[in-house]
Structures are given as C-alpha cells and as structure tokens.
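Below is one structure, written out as structure tokens; the observations come after it.
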Amino acid sequence: EVVTPSDLHAMLRALPHCRAIVTTGEKATDTIVEQFACPKPKVGESVEIVAGGRTLHFWRMPSSSRAYPLSLERKAEAYKKMLLAEGVL
C-alpha cells in the first residue's frame, strides 16, 4: 500500500541529468503511470515520458526475483537491451 507517493516530478527536477526511469515491480510501475499519465510499457520495453520539459525513457523490467516466471537468460537479455539503449553498456 502506497500511503504517500513520492513526488517524482520534484525528484527529477533535482536530477537534471537523469535520462531514464526503470521499474521492476507492478506497484512502482503503476505509480509512474499514474504520476506521468503515460501508457504502461510491456515488460522489457520502454515508453517516453515528459517531465519538466524533457523527455525520458520509462522502462518496465522483469523482476529479478526467482519467483518471477522467466528464465535468468531472458531476464539478462531484457536488462542488456535496456542498458545498451541507455548507453550504459
């Protein structure tokens, strides 16, 4: 239960070099969707959001939990795709 959602717009104003937001859980994903009025990306995909006049990527990634029914290899592929797209790798 989210009692008081974080003010993500304020956080992003304080992080002017942030280019992407990444979530791994349903609640976190839903919070981003609500605060930015954006579509919910498919797992392993991203959508663009606008915050403070700049465009960011919002990635919804598979959970790293063993309980999430996806092989470790498929999870690693999804994370590699995101990290390559964001210029981290």
Same apolar cluster: L72 and M61, side chain cutoff 4.5 Å: no

Would you indicate whether the side-chain heavy atoms of K80 and L89 approach each other to under 4.5 Å? yes

Does L8 share a hydrophobic cluster with V47, counting links as ILVMFWY side-chain heavy atoms below 4.5 Å and allowing steps through other members? yes

Do P16 and R54 make a side-chain contact, defined as non-hydrogen atoms from C-beta onward lying under 4.5 Å apart? yes

Are V50 and F58 in one and the same hydrophobic cluster, where Ile, Leu, Val, Met, Phe, Trp and Tyr link if side-chain heavy atoms are under 4.5 Å apart? no

Tell me the closest heavy-atom pair linking C18 and A20, and the distance in Å. SG-O, 3.3 Å

To the nearest 0.5 Å, atom OG of S63 lies from atom CD of E26 at 11.0 Å

Assigning hydrophobic clusters by single linkage (Ile, Leu, Val, Met, Phe, Trp, Tyr; side-chain heavy-atom cutoff under 4.5 Å), is L15 placed with W59? no

Side chain proximity check, I21 to L12, heavy atoms < 4.5 angstrom: yes

Considering non-hydrogen atoms only, spot the tightest contact between A51 and L56 and give its length. CB-CD1, 3.7 Å

Approximate separation, where rounding is to 0.5 Å, of K42 NZ and S46 OG: 12.5 Å

Side-chain touch I49/T55, heavy atoms, less than 4.5 angstrom: no

Single hit among R60, K40, K81 for salt bridge (Lys or Arg N to Asp or Glu O under 4.0 Å) with E45: K81

Within one Ile-Leu-Val-Met-Phe-Trp-Tyr cluster: V43 and V22, side-chain cutoff 4.5 Å: no

Which atom of L70 lies closest to which atom of R74, heavy atoms considered: CG-CB, 3.7 Å

Is there a donor-acceptor contact under 3.5 Å linking the side chains of Q35 and H9? no

Using side-chain heavy atoms (C-beta onward) and a distance below 4.5 Å, is E86 in contact with R19? yes

Side chain to side chain, T24 and P62, heavy atoms closer than 4.5 Å: no

